[in-house]
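What follows is a short report on a single structure.
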Amino acid sequence: MTSNLFIILVSILLSKGSAYEIGKKAPAAIGMGDVVIGGIFPIHHKVDRNENSFAPQEYSCQDFHTGSVGLVLSMINAIEVVNKSPLLRDVNVTLGYRIQDSCRDVSTGLMATADLIQQAECAPTCQQPIVAVIGASFSEMSIAVARQLSLDMIPQISYSSTAMSLGNKHRFPTFMRTVPGDEHQTAAMVRLISRNGWSWVGTVITDGDYGRSALESFSSKASDIGICIAFKSILPHSSANEAGDFAIKQAARTISQNQKAKVIVSFTNSKQMKKLFEELRKETEKNGQGMKNMRRVWIASDSWSSLQNVSGLEDIGDIVGFNFKTGDTSSFDEYLNRLETSGYNTTQNNTCLEKLFKQTNTSGVSGNTDLASEVVKNIKEQTNTALILSVEMAVSAIAKAVATVCSSKNCNTSGTLQPWEVLEALREHEFEHQGKTYAFDKRGDIKEGYDISMWRSLGGEVHANDIVATYLPHDNIFFLTNSNTTKRFEDLKLIVSKCSNSCLPGEYKKTSEGQHTCCYECVNCTENYYSNDTDMDQCLRCDNKFEWSPGGSFSCLPKKKVYFSWHNRFAVVLLAFCALGILLVLLVSVLFLHQRDTPVVKAAGGLLSIVILFSLSVSFISAVLFVGKPSHLQCKVRQVLFGISFTLCVSCILVKSLKILLAFQLNIKIQGALQKVYQSVLIIVGCVAVQVVICTCWLVLKSPVSHVIFQPKTMLEDCCEGSYLAFGVMLGYIALLAFVCFICAFIGRKLPQGYNEAKFITFSMLLYLISWLLFVPIYVTTSGMYLPAVEMVVILMSNYGILGCHFLPKCYIMLFRKDQNTSSAFREKLYQYNIKSTDSISVSGNSVSKKTFSSQQSVSPSLSFSLPNDADLQTALERSHSKMDFKQVSYRGPIKRFGSNRRSISM
């Protein structure tokens, strides 16, 4: 039955089948049918021409290719199968075929195309017009054929031409293909390179539309994601001459010199790659390099990824091939089995198959059965199974289009079915093959994706039959198979192909001007910038408000919130002084209350001293509020509490200063003036009221609030004083009161020691003024966490100054010098003060004049120096509205009396 597949023998093979002459191109195989399909296959791979002749000449095709014969047989088998299917039987149409050999030569291909479309007057089959053509194999050939077929709008379906330019429907309106175009293949290659972290790759292409368009597409897609091309080696379309040999040697030298480019993308043909691999071996031997230095990852395009049985490439590296999707080849295998059974008898109607039988027979195979088996074996080994699926899909698409058109018209008559009708049906209708539905897109492509294979060495030869993954164009992803060889595919990530080493997180790539973007140096990110990935082009900026980073960081650090906390050692020390101060105030208060009737307490002011101690305790408490995380309430309270409490303290001291000055003032005019203005309670209330008004205005108009100061590495939580003018007025007012106290105390600094508060007031106020004068410039020029500590220190100094000067000496007398805490002791001191004062006093009538007593004069024991009792003394000291009366001082003895009458000395 197989012998009926072939109708006629169209050509006669020459001796040993080495070549057949070309004149008028004869079909390689033909078959009868109602509708004829053309086929163009590269059965031979070379044309022998006389390049020195300018006249038309006959030339022969050479280099017979068994794999192409397998594709011819797959087309014949697919037509036979579809003729038996219900699809064509329902419309009562059968498909015939006329297949031509392009000899892998554009000129020969054009001649073959012309033979297909012309109506030869040879036989009824030859006169039938061609409604569609399957082929050609290579893009260069398909471009030429497509231009010729588009003149008659004959649809053309290629099974392996992938050049992107063929998808341009303005230039090639009738071209379609059952494989994805190169734009999908280059996208897959770029995705693979990016997936493995490669950025520095070389390219090798064949000169021509296919190679250059693929390189342009690859370069564009690679550049978009930062992949750089280290070099571009372009090989001439024909390498069988001196120019071709030189180009291959130059490419090998370029690859050898670019040691960092460990990945090579190749859009060439299988012959050129074989020669390039051989030249790389020679280059290695010439330079004395080991093959290890020449190992590369070769990314093979579909044009040579199925290269079979290559010897001597075990050390060339890893070869990753992009192959068209394969399918079920059981139907083709059955056809080959029938061919093997029929033997040589089947070749009488198939020129290319007959030649294959004759070539095999010359190799010494005996017997018709053995010869057929050997032929079938060679076909199976050398035919690309992926292209078998593509050819079968092309036949199924044409059959579906013919059935669609012929369902509405009679196609049994020659010339009834027009090619453009088939073209329209092909573009608009889906078709089925092996249970799956396909359709051509607007570019005429079928996006089936790719099988990714990795070559392996077996018995000294390299085979490309290990499929490790598939590529899906719609999702732009790789889907790994369950093959045991998948690990080899994943291990490709371990290979480094970069111009420069990767910049680590914390660094960024700095490219010199004019230098390739993939060649760079790694520079640390500056402070407050970071990079969190490898090979970043620039560092990212931290949020300066809440984050920071040191130089060379791979992430931002959150700014730490800082404040003068309770755990700070300096704060602990200051708080200890606050606690000690509060404790001392309490102890002194208890002691003063217990000794309230003693002369020392009375001389110190009595109840007024208790008020001062209370204000000091509040002032110590206000100092505590300067520690800890500030809040709005704390910021308001701490300044106001200190201001009012310390104003109360200074006001009481001012009253004491005025009281002492009033009690011992000898100038009657000054004494009278002080008596008029001296009202202790009113003075205290008035002074404090003024401070209350200042603080109230401060709180109402622009009060202190807590806020955050964003510093380079921290967030300082601090109190903003609101109005620094109000803050200054508050402190200035206290300073004014302290200065008045200082002046009054300085005037009365020579009073009796027991009554001499003035010296202590002078020192304490001087200490206060100096402390706050130092505080102002420090506060203005200082910032940071310890700014509250500055004010806290000044407050403690002021409090301890008053406590130490006003109360501790009194406590010392009450506890350790009790003999001085008696009325007699105070009278003695007052007497000594009066003696010193009267050293320069003489009495004349009602007036007092100066007189000097010599050191020899003595006071008679009968001298009466009357002093007030303790109650009178305290009353004299505390009364601010009256003078202090000292009773008449009488002299008896040799000293002249001051007067005939007892006189009163108003002091």
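- Inter-residue side-chain proximity for Thr113 and Gln100 is flagged as unmet; no heavy-atom pair is nearer than 4.5 Å.
- Between Glu80 and Lys84 a salt bridge is recorded (basic side-chain N to carboxylate O distance below 4.0 Å).
- By the 30° and 60° cut-offs, the orientation of the rings of Phe478 relative to Tyr471 is tilted.
- Atoms CG and OG1, from Leu235 and Thr268 in turn, are 6.5 Å apart once rounded to the nearest 0.5 Å.
- Arg147 is listed as a side-chain neighbour of Phe172, based on a closest heavy-atom distance under 4.5 Å.
- Among the candidates Asp441, Asp302, Asp182, Asp445, the single residue satisfying the salt bridge (Lys or Arg N to Asp or Glu O under 4.0 Å) test with Arg177 is Asp445.
- Side-chain atoms of Tyr97 and Leu95, non-hydrogen and from C-beta on, never get closer than 4.5 Å to each other.
- Looking only at side-chain heavy atoms (C-beta outward), Ile379 and Thr66 come within less than 4.5 Å of each other.
- With respect to Cys411, the side chain to side chain contact (heavy atoms under 4.5 Å, CB included) criterion is satisfied by exactly one of Val93, Leu88, Asn92: Val93.
- Relative ring orientation between Phe64 and His44 is described as perpendicular, the plane-to-plane angle rising above 60° on a 0-90° scale split at 30° and 60°.
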Can Asn77 and Ser331 be said to form a side-chain hydrogen bond (donor to acceptor under 3.5 Å, both in side chains), step by step? CA-CA 8 Å; Asn77 173 64; Ser331 175; 3.2 Å; yes
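- Of the N and O atoms on the side chains of Ser303 and Asn269, not one donor lies less than 3.5 Å from an acceptor on the other residue.
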If you apply the rule side chain to side chain contact (heavy atoms under 4.5 Å, CB included), what do you find for Tyr210 with Ser301, and how did you get there? CA-CA 11 Å; Tyr210 166 71; Ser301 66; 3.2 Å; yes
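- Among pairs with a residue in residues 426-447, those fulfilling ring pair (Phe, Tyr, Trp, His ring centres under 6.0 Å) read Phe431-Tyr438, Phe431-Phe440, at least two apart in sequence or across chains.
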Apply side chain to side chain contact (heavy atoms under 4.5 Å, CB included) to residues Lys221 and Met189 and explain how you reach the verdict. CA-CA 10 Å; Lys221 291 180 173 63; Met189 290 177 173; over 6 Å; no
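- Here the side chain of Thr108 pairs no donor or acceptor atom with the backbone of Arg104 at under 3.5 angstrom.
- A salt bridge does not link Glu340 to Lys380: none of the charged nitrogens lies less than 4.0 Å from a carboxylate oxygen.
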Ile452 vs Phe322, side chain to side chain contact (heavy atoms under 4.5 Å, CB included): CA-CA, chis, key distance, verdict: CA-CA 5 Å; Ile452 312 302; Phe322 282 78; 3.4 Å; yes
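- No donor-acceptor pair under 3.5 Å is formed between the side chain of Asn476 and the backbone N or O of Arg191.
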